[in-house]
Q: 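Sharing a structure here in structure tokens format.
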Amino acid sequence: MDPTINYHVVAIPYPGRGHINPMMNLCKLMASRRADILITFIVTEEWLGFLGSETKPANLRFGTIPNVIPSELVRDADFPGFLEATLTKLEAPVERLLDRLEPPKPSVVIYDTVLAWVVRLGYRRNIPVAALWTMSAMVFSTSCHHDLIRNGHVKANVSERGKDQVDNFPGVPSIPTADLGEGQKVAHLLLEGIVLVPKAQYLLLASIYELEYQVIDTLKAELPIAIYSIGPAIPCFTYIDNSIPITGHNVPDYMKWLNAQPRCSVLYIAQGSFISLSSSQLDEIVAGVQDSGVRYLWVARGETSLFEKGGGGFVVPWCDQLKVLCHSSIGGFWSHCGWNSTKEGAFAGLPMLAYPIVFDQISNSKMIVENWKMGWSVKREGGGVDTLIRREEIAGLVQRFMDLESEEGKEMRGRAKEIQEICRRAVGKGGSAETNIDAFMKDML
Ligand SMILES: O=c1ccn([C@@H]2O[C@H](COP(=O)(O)OP(=O)(O)O[C@H]3O[C@H](CO)[C@@H](O)[C@H](O)[C@H]3O)[C@@H](O)[C@H]2O)c(=O)[nH]1
């Protein structure tokens with residue numbers, strides 16, 4: 001046993017990019033704040049391949065289990081099946097790994113809220129558990145009050161935007177039922193984890209207190225366990241200064257291309273790490289953006305052949321998103337509104353074009369457009385998820401959005417900077433993120 005280590009923390013992330021990233025960022029922060037903690041971050045062998053080259057503190061180590069769930073590369077094909085596998089196949093190999101772990105015995109297991117089985121594991125082994133919620137506090141609150149959904153107060157259908165409003169979610173303003181993102185085949189599986197949160201010892205919200213304080217305070221008053229809002233859990237500490245162009249030997253081509261573009265001229269487009277758009281809608285978006293004449297940097301996976309027509313852009317299969325968002329050539333962010341992307345856009349102070357697809361993305365897009373007023377919705381008011389948005393409409397919208405001189409654009413950019421300021425204060429020295437992470441570490445150890 002390493003004599004400098006006094007405490008052991010085990011982290012069990014849900015195996016998906018939008019979940020692994022915030023867990024990893026939290027663990028990096030914790031490991032760098034106290035050298036006497038060893039953190040074991042448990043991933044499958046496949047995910048070790050994706051994450052193995054990450055720079056991280058020496059007291060943060062990977063623990064691996066075999067690939068007992070479907071590959072990350074094919075999980076879109078059957079998402080309910082994938083989710084089910086994470087709930088039924090991971091527990092046994094994780095237990096075997098825990099039996100082999102070097103001492104000291106874990107002081108706490110931090111787990112993704114989705115993985116309900118970890119709560120039972122904690123009880124069996126007499127180890128306290130901390131649930132990490134990787135979506136907004138608002139979505140936690142609305143999901144948490146699932147009795148309303150079960151009792152039929154909330155319509156379980158996102159494809160038709162109903163007019164019904166739900167105004168009895170504590171700490172959450174009145175919200176249309178159709179914005180809740182419920183009704184997916186997977187909703188009941190996710191709810192299982194949420195229902196068990198009160199049986200955990202701690203709840204960690206990957207959210208900025210100042211941006212969601214009403215709902216966070218309400219949750220603190222309602223739930224019987226300790227709750228900490230740990231800040232955005234994005235790798236923001238590396239990229240604070242966006243005025244310095246990124247140069248050097250290992251600079252990827254997309255960064256070199258960005259370095260050569262005029263200030264605020266490029267629209268960054270990323271529709272998320274999984275769940276694709278319909279191919280007809282994707283065709284319209286690609287054609288619309290290209291017809292707009294606006295420069296773009298596009299993260300595209302299988303659909304790169306769509307870009308053969310050319311256009312003023314750069315297409316990549318993957319990029320270092322936060323670094324890109326903080327680059328001075330980027331002037332706007334087209335996003336599917338995953339919670340991490342939402343927070344990264346806010347941290348970068350970028351106006352956003354919101355194109356949510358499922359789950360919490362719909363309420364995140366509302367937060368961006370209606371609450372923070374730092375973005376526009378691509379979809380028309382009242383249009384369902386299946387309504388096709390034509391290329392002409394998209395071209396016009398993108399042109400107006402990237403126009404730096406328009407009054408409406410200036411106002412939106414001003415709001416984005418205000419939200420950015422709130423984020424930066426929260427993650428700065430003595431800000432709410434640091435204070436709350438320190439409080440959690442003190443309490444759990
Ligand atoms: O080229 C890329 C594309 C993405 N990312 C990163 O990947 C993460 C993606 O996370 P997110 O924006 O939250 O999207 P998803 O992976 O789709 O997130 C899932 O998980 C989120 C958190 O639970 C939910 O909010 C989403 O609805 C759900 O789809 C972000 O940190 C991005 O910076 C990159 O670094 N490079």
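Each ligand, and each atom within it, is numbered from 1 in the order the structure gives. If you're wondering where the values come from, they're calculated on a predicted model, not measured in any experiment. Residues: numbered from 1 along the sequence shown.
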Q: With heavy atoms of His336 as the reference, note each atom of ligand 1 found under 4.0 Å away.
A: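 So the atoms of ligand 1 that pass are 12 (O), 14 (O), 15 (P), 17 (O).
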Q: Determine which pairs satisfy salt bridge (charged side-chain N to carboxylate O under 4.0 Å, His left out) with at least one residue from residues 47-58, sequence neighbours left out, and list them in order.
A: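 Counting only pairs at least two positions apart or across chains, the salt bridge (charged side-chain N to carboxylate O under 4.0 Å, His left out) contacts touching residues 47-58 are Lys28-Glu54.
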Q: Give the atom numbers and elements of ligand 1 that come within less than 4.0 Å of a heavy atom of Asn21.
A: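 Under 4.0 Å from Asn21, ligand 1 has these atoms: 6 (C), 7 (O), 8 (C), 30 (C), 31 (O).
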Q: Decide side chain to side chain contact (heavy atoms under 4.5 Å, CB included) for Glu284 and Ile389; before the verdict, give the C-alpha distance in whole Å, the side-chain angles of both, and the deciding distance to 0.1 Å.
A: CA-CA 7 Å; Glu284 294 302 307; Ile389 307 165; over 6 Å; no
Q: Please could you name the atoms of ligand 1 that Cys319 approaches to less than 4.0 Å, counting only its heavy atoms?
A: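 What qualifies from ligand 1 is 1 (O), 2 (C), 34 (C), 35 (O), 36 (N).
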Q: Would you mind running through ligand 1 and noting each atom that sits below 4.0 Å from a heavy atom of Val299?
A: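 Checking each atom against Val299, I get 1 (O).
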Q: Are any of the N/O atoms on Trp339, whether in the backbone or the side chain, positioned under 3.5 angstrom from an N/O atom of ligand 1?
A: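 Indeed, backbone or side chain, Trp339 has an N or O that close.
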Q: Which pairs, with at least one residue in residues 324-346 and sequence neighbours excluded, count as a salt bridge (charged side-chain N to carboxylate O under 4.0 Å, His left out)?
A: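 Checked against salt bridge (charged side-chain N to carboxylate O under 4.0 Å, His left out) - neighbours excluded - no pair reaches residues 324-346.
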Q: For the ring-ring contact (aromatic ring centres under 6.0 Å, His included) test, which of Trp298, Trp257, Tyr296, Tyr268 pairs with Phe314?
A: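 When Trp298, Trp257, Tyr296, Tyr268 are each tested with Phe314, the ring-ring contact (aromatic ring centres under 6.0 Å, His included) holds only for Trp257.
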Q: Under a 4.0 angstrom heavy-atom cut-off, which atoms of ligand 1 come close to Thr134?
A: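 Those of ligand 1 that fall under 4.0 Å from Thr134 are 22 (C), 23 (O).
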Q: Considering only heavy atoms of Gly338, which atoms of ligand 1 have at least one such atom less than 4.0 Å away?
A: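 Selected atoms, number and element: 11 (P), 12 (O), 13 (O), 14 (O), 25 (O), 26 (C).
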Q: What atoms of ligand 1 come closer than 4.0 angstrom to any heavy atom of Asp360?
A: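 Here the atoms of ligand 1 in question are 24 (C), 25 (O), 26 (C), 27 (O).
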Q: With a 4.5 Å cut-off on side-chain heavy atoms, are Val114 and His19 touching?
A: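 The answer is yes; the side chains approach within 4.5 Å.
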Q: Against the six-membered ring of Phe41, is Arg61 placed for a cation-pi contact (under 6.0 Å from the centre, within 45° of the normal)?
A: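 No, Arg61 does not lie over the aromatic ring of Phe41.
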